[in-house]
There are 2 protein chains.
Amino acid sequence: MSAIADVARLAGVAKATASRALSGRGYVSEETRLKVVAAATMIGYVASPNAASLVTGRTQSVGVIIPFISRWFFAEILESIEQALLARGYDMTLYNLPAPSEERERVFDFFLARKRFDGVISVGVELADSEVQLLHRLGRPLVGIGGEIPGVHTIAIDDIAAARLATEHLLSLGHTDIRHIGGDQIDQMDFAVHTKRLTGFTHAMHAAGLPTDGCFSPCAFTVPGGYDVGLALFGDPHQRPTAVFAASDEIAIGLIIAARELGIQVPSELSVIGIDGHPCAEMFRLTTIEQHPRNQARMAVESLLAALEPAAEPVAAGLTRAPTNLVMRSSTSAPR
Amino acid sequence: MSAIADVARLAGVAKATASRALSGRGYVSEETRLKVVAAATMIGYVASPNAASLVTGRTQSVGVIIPFISRWFFAEILESIEQALLARGYDMTLYNLPAPSEERERVFDFFLARKRFDGVISVGVELADSEVQLLHRLGRPLVGIGGEIPGVHTIAIDDIAAARLATEHLLSLGHTDIRHIGGDQIDQMDFAVHTKRLTGFTHAMHAAGLPTDGCFSPCAFTVPGGYDVGLALFGDPHQRPTAVFAASDEIAIGLIIAARELGIQVPSELSVIGIDGHPCAEMFRLTTIEQHPRNQARMAVESLLAALEPAAEPVAAGLTRAPTNLVMRSSTSAPR
DNA sequence: ATTGCATAAGGAACCGGTTCCACACCACAA
DNA sequence: TTGTGGTGTGGAACCGGTTCCTTATGCAAT
């Protein structure tokens, strides 16, 4: 519609002056600035970000790569990133990449190479070295959430410590027959988060002098996933553990629903602990290790935008630990 | 990095020819085309969409306005839209607008006015007339999902019919003491979807000659929302209805969990029906009216992209009904 | 009085593509 | 032989901003 040239004409100044007046860069007298602003608002001028980014190289938009949308953790992250970016005047372009695939290659070769964004936030996606290099070559900063990416600033909880804490909570209550139910390693999309939580569990058990052989059951990282495993596992009272550590609240909730259906009392017959802080945890009185995805998202945005400051040095690679805390409710107790 | 001028130089042709060769528009001999393509791949040329859109006015990206991310329906829609757009070479820019607010005005005045997108899909957001007009003035097609927007092509289920069908299912089983539990009208963000489902319920009840006074309980549109209402409502056996129609599966699931906690048998003491087709419905054997958000999303993307075809006429305003179907499981039965 | 600097504003180049226009060539019809 | 129309290509304008370079002015310092 209306271009900056129209504004300039209307205000009786040169394009250059109008540009300076509106962007606030360079010298413009207050009087001229007001004239230009008045002219701009009069004709409803909105700058074309395309034209601007063509010359500045900045697009005022950030790409977000995320493997799931509907899981609690990821949805929370997404909502917060979007809010934080919007508040700072950035657009958010979403790339939902469920698994390494041709789709994914396409995104990297085609979409991301088009440099339509000033930076990228990668949420729970295990990036290949070549993919990190591509972004690096494009001069686009990258920040990760949810796992370590070599050479990249990442915000993540300490999964091993969280899993150990959860397991230790069960141990401290006197449990010795504890089972870990978590993500299948074959499902690679989570930064080995599954493996880490299993590792934390194993550490804690071994430190207590307990064996862990056959103490792990894999399942889909969802409520129905936990439910299915729960039904299969708790059916036989002789096989049933006295406590389970679920790798996520969603799994834990599925387990509790299964237990209730089987008439197993939680916590007296079965203690359950999860990780996350899911909004349904309260409802199920679920003891859990809370993490705070919204904070993690805000930290990631802040880190990325700081790296986009004109004078900024590249983002320091490394790991920022997001805090977790144990919330005790009544899904765990001493074994009978 | 490398611009089309570099490609042209390397191939020994003019910029114009290189552009034609790469975009496939206009006359280029096969021989020249191959030379240009070879040169482009050699230096790893990727066109700058910014520069292109500056002149063509096309950005190859679509804006999506959505009020929630974490609710099942919206997450499904979002995932499908993203997939469909990606497959067609479009980027997706997300605007998450939980409520009418200054944020929202900012998005319209600032973000959407920047015409960074070729079209907009609005999911479950009640757009004001002025907002529709703004998009119209910008010449950007708009397609809605989940409710009617005047003058805009919208894909939506028939909420009134779905609610009536759900209620009729309960009536046909012999229930007369039926309660509807659904969204609070104060929560305006859903296209009066709450009101419509209530209307469908009322229609069905009245058609059966039953009163509906005091038969509606409002609640938050989530699992905990249903749970809270369930605890409050089912506690007193004399007040308890024999059947409830929940406005969403999430609410229905919350109700079932509450009922189980109170020791109420579903369905023998209490029938529950929902709307959605949530992945947890199976787990709770929930009878429900399924809708298919992924299909709705695909239809919306198709309609929008069709309107973006060079020769396309504007999207025909009007409503496309998305299908629903009753899935009978065992959360409903005849009353005792 | 001259230099120096900060402020102010205009002209023009430029970012990286697309597209209009002009021109050349060739085949075929009149 | 001349006209006509489809092909193929190059030059240049253009999209809408930003920024470099230049010039002009007022004022303080030398």
Side-chain angles (χ1 to χ4, degrees), chain A residues 1-40 43-61 89 110 113-118 138-139 310, chain B residues 1-37 39-40 43-61 89 110 113-118 138-140 310:
Chain A
M1 297 282 101
S2 58
I4 200 171
D6 303 328
V7 176
R9 200 176 316 119
L10 187 58
V13 300
K15 263 175 64 181
T17 306
S19 173
R20 278 186 293 251
L22 293 172
S23 67
R25 275 183 290 272
Y27 295 115
V28 182
S29 74
E30 185 59 14
E31 191 194 339
T32 317
R33 201 184 63 75
L34 290 177
K35 260 195 314 193
V36 172
V37 168
I43 61 177
Y45 167 76
V46 179
S48 153
N50 276 320
S53 57
L54 189 55
V55 42
T56 60
R58 285 310 185 73
T59 63
Q60 295 294 101
S61 108
F110 181 60
R114 295 200 285 177
K115 32 191 162 90
R116 284 194 135 181
F117 44 83
D118 297 335
L138 292 172
Chain B
M1 294 281 101
S2 58
I4 201 171
D6 303 328
V7 176
R9 200 177 315 120
L10 187 58
V13 299
K15 262 176 64 179
T17 306
S19 173
R20 278 188 292 252
L22 293 172
S23 68
R25 275 182 290 273
Y27 294 116
V28 181
S29 73
E30 184 60 13
E31 191 193 342
T32 321
R33 201 185 62 76
L34 290 176
K35 261 196 313 192
V36 172
V37 169
I43 61 174
Y45 168 75
V46 178
S48 153
N50 275 320
S53 57
L54 189 54
V55 44
T56 60
R58 287 309 184 76
T59 63
Q60 295 292 104
S61 108
F110 181 61
R114 295 199 287 179
K115 34 191 158 94
R116 285 195 133 180
F117 45 82
D118 297 336
L138 293 171
R140 298 288 180 267

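Just so we're on the same page: letters track the sequence lines, and every chain starts at 1. Remember, it's a predicted structure, so these values are computed and weren't measured experimentally.
- The CG-C1' distance, from Leu22(B) to dG17(C), rounds to 11 Å in whole Å.
- Taking atom CZ of residue Arg25(A) and atom P of nucleotide dC20(D), one finds them 11 Å apart after rounding to whole Å.
- For residues 12-29 of chain A, no pair satisfies salt bridge (charged side-chain N to carboxylate O under 4.0 Å, His left out), with sequence neighbours left out.
- Within 4.0 Å of Ser19(B), counting heavy atoms only, lies at least one base atom of the nucleic acid.
- One finds no side-chain N or O of Tyr45(A) lying less than 4.0 angstrom from the OP1 or OP2 phosphate oxygen of dG16(D).
- Within the 4.0 angstrom heavy-atom criterion, only backbone atoms of the sugar-phosphate kind lie near Ser48(B); the bases stay farther away.
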Show me the side-chain donor-acceptor pairs of residues 27-34 of chain A shorter than 3.5 Å, one per line, residues at least two apart or across chains.
| residue | atom | partner | partner atom | Å |
| --- | --- | --- | --- | --- |
| Ser29(A) | OG | Thr32(A) | N | 3.2 |
| Ser29(A) | OG | Thr32(A) | OG1 | 2.5 |
| Glu30(A) | OE1 | Arg33(A) | NE | 3.3 |
| Glu30(A) | OE2 | Arg33(A) | NH2 | 3.0 |

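- Every residue meeting the side chain to side chain contact (heavy atoms under 4.5 Å, CB included) condition with Ala11(A), not counting sequence neighbours, appears here in chain and number order: Val13(A), Val36(A), Ala39(A).
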Donor-acceptor list for residues 48-58 of chain A side chains, cut-off 3.5 Å, not counting sequence neighbours:
| residue | atom | partner | partner atom | Å |
| --- | --- | --- | --- | --- |
| Ser48(A) | OG | Asn50(A) | N | 3.3 |
| Ser48(A) | OG | Ala51(A) | N | 3.1 |
| Asn50(A) | OD1 | Ser53(B) | OG | 3.3 |
| Asn50(A) | ND2 | Ser53(B) | OG | 3.2 |
| Ser53(A) | OG | Pro49(A) | O | 2.9 |
| Ser53(A) | OG | Asn50(A) | O | 3.1 |
| Ser53(A) | OG | Asn50(B) | OD1 | 3.3 |
| Ser53(A) | OG | Asn50(B) | ND2 | 3.2 |
| Thr56(A) | OG1 | Ala52(A) | O | 2.9 |
| Thr56(A) | OG1 | Arg58(A) | N | 3.1 |
| Arg58(A) | NH1 | Leu308(A) | O | 3.2 |
| Arg58(A) | NH2 | Leu308(A) | O | 2.6 |

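- One end of the helix from dA1(C)-dT30(D) to dA30(C)-dT1(D) points its axis 50° away from the other end's axis, with each axis taken from 5 pairs and the angle rounded to 10°.
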What string of B, S and - do you get for nucleotides 5-15 of chain C, 5' to 3', if B is base contact, S is sugar-phosphate-only contact and - is no contact with any protein heavy atom under 4.0 Å? --BBBBB---B

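- The nearest whole Å value for the distance from the CD atom in Gln60(B) to the P atom in dG17(C) is 15 Å.
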